[in-house]
Amino acid sequence: MSTKLAAYEDFVNSTAELNLLLAVRPQSPLVPRADEAVQLENAVHRACLVLLVAHFEGFAKGALSEYVDEICAVRPPARKVPPAFLELFTRDRIQEIASLPPGVDRVHRTRRLFTAFSALWDQERTIDPQVISSKILARQMTSLKPDVLRESFALIGIDDIIDSATSHLQGSGLSVRVDIKLEEIVNKRNLIAHGDYSVKPTSTDLEDYVEFFMAVGDAFSACVVRAIEEACTLRPLWGE
């Protein structure tokens with residue numbers, strides 16, 4: 001497959017929307033601006049930050065979905081897929097059945113659980129695309145908080161997506177702790193979304209955040225591509 005996820009390319013393209021939004025800012029004159037111009041610039045910057053975080057969250061969910069899409073297309077044997085990934089879909093179906101009232105439908109679904117989902121736990125059986133879902137995996141990522149990202153990407157066999165991204169950035173000459181930077185950006189986004197007008201990112205801030213997310217997205221993409229290759233080639237999983 002490509003060395004870059006399609007989701008990453010989509011994210012890169014989505015940042016063009018920020019430039020369109022920034023274009024509505026008033027030009028900075030050499031004289032003091034009216035209050036309205038300052039307020040408009042702040043509003044545009046705040047909107048850009050919210051939009052940037054939303055686009056990156058969409059990328060992260062898209063990366064998880066792309067993993068599932070590749071698994072469904074290649075249909076590797078269950079032994080090539082992380083057990084936590086298999087457990088997620090089995091658990092999801094068990095919870096669905098448990099929520100049903102007693103009756104024929106619950107009996108039918110329970111029977112199907114053992115006939116269809118048992119194949120997920122037969123190491124030499126190929127994965128059945130009918131019993132896994134990119135939507136179920138993607139919805140495990142409820143925010144961009146570092147711990148949520150770690151847990152979500154661990155489901156596809158990536159030990160620590162945050163530490164991996166930090167190492168990737170350091171190798172590219174960006175000395176930054178991904179977890180700390182993510183917390184900073186997401187907290188600002190949340191404050192803006194909840195109506196805190198004191199948060200006023202500058203143009204310099206936005207440029208820094210875009211650069212950061214581009215680099216982290218590239219790191220995430222590389223990690224997921226490796227996870228896909230591990231599952232969809234004859235090479236063994238980590239630790240085998």
Are [X] and [Y] packed together at the side-chain level, in the sense that at least one heavy-atom pair is separated by less than 4.5 angstrom?
| X | Y | answer |
| --- | --- | --- |
| H168 | S172 | yes |
| W121 | E87 | yes |
| Y197 | Q39 | no |
| K188 | P201 | no |
| V68 | S133 | no |
| R106 | P101 | no |
| L182 | I162 | yes |
| T166 | L169 | no |

To check you understand the geometry: which heavy-atom pair defines the closest contact between [X] and [Y], and what is its length?
| X | Y | value |
| --- | --- | --- |
| I127 | A78 | CD1-CA, 3.8 Å |
| L155 | P82 | O-CB, 3.9 Å |
| E66 | A6 | OE2-N, 2.8 Å |
| S14 | H55 | OG-CG, 3.4 Å |
| M141 | V148 | CA-CG1, 4.0 Å |
| A231 | P76 | O-CB, 3.1 Å |

Are the side chain of [X] and the backbone N or O of [Y] linked by a donor-acceptor pair below 3.5 Å?
| X | Y | value |
| --- | --- | --- |
| S221 | L5 | yes |
| H194 | N190 | yes |
| Y67 | V225 | no |
| D205 | T202 | yes |
| T15 | V12 | yes |
| S164 | I161 | no |

Could you state the interatomic distance from [atom1] ([X]) to [atom2] ([Y]), rounded to the nearest 0.5 Å?
| X | Y | atom1 | atom2 | value |
| --- | --- | --- | --- | --- |
| S99 | I94 | OG | CD1 | 12.0 Å |
| K135 | L64 | NZ | CG | 15.5 Å |
| L21 | L206 | CG | CG | 9.5 Å |
| L18 | C48 | CG | SG | 5.0 Å |
| L137 | D92 | CG | CG | 11.0 Å |
| L52 | E17 | CG | CD | 11.0 Å |

In terms of hydrophobic clustering (I, L, V, M, F, W, Y; side-chain heavy atoms under 4.5 Å; direct or indirect links), are [X] and [Y] co-clustered?
| X | Y | value |
| --- | --- | --- |
| I180 | F56 | no |
| L113 | L100 | no |
| I132 | V74 | no |
| F114 | F117 | yes |

Problem set entry | Geometric class of the F89/F85 ring pair [parallel <30°, tilted 30-60°, perpendicular >60°] | perpendicular
For this session: Report the relative orientation of the aromatic rings in F11 and F213; use parallel for angles under 30°, tilted for 30 to 60°, perpendicular for over 60°.
Result: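 The rings of F11 and F213 stand perpendicular, inter-plane angle above 60°.
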Exercise. Can you list the residues that meet the ring pair (Phe, Tyr, Trp, His ring centres under 6.0 Å) rule with Y209, with sequence neighbours excluded?
Worked result: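 Partners of Y209 under the ring pair (Phe, Tyr, Trp, His ring centres under 6.0 Å) test: none.
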Cationic N near anionic O, under 4.0 Å, [X] to [Y]:
| X | Y | result |
| --- | --- | --- |
| K181 | D208 | yes |
| E229 | R226 | no |
| D179 | R177 | yes |

Problem set entry | Over 12 non-hydrogen atoms of neighbours within 6.0 angstrom of CZ in R125 |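 It does not: R125 CZ has 12 such atoms or fewer within range.
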Exercise. What residues form a salt bridge (charged side-chain N to carboxylate O under 4.0 Å, His left out) with D105, not counting sequence neighbours?
Worked result: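 Result, salt bridge (charged side-chain N to carboxylate O under 4.0 Å, His left out) vs D105: R109.
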For this session: Begin with the C-alpha distance, continue with both residues' side-chain angles, and end with the deciding distance and a verdict on side-chain contact (heavy atoms from CB on, under 4.5 Å) for V224 and F153.
Result: CA-CA 8 Å; V224 175; F153 283 88; 3.7 Å; yes
For this session: Please list, chain by chain and in numerical order, all residues satisfying side chain to side chain donor-acceptor pair (under 3.5 Å) with K200, sequence neighbours excluded.
Result: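 Per chain and number, K200 pairs via side chain to side chain donor-acceptor pair (under 3.5 Å) with no residue.
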Problem set entry | Audit row: T115, R112, side-chain contact (heavy atoms from CB on, under 4.5 Å) steps and yes/no | CA-CA 5 Å; T115 56; R112 186 173 183 276; 4.2 Å; yes
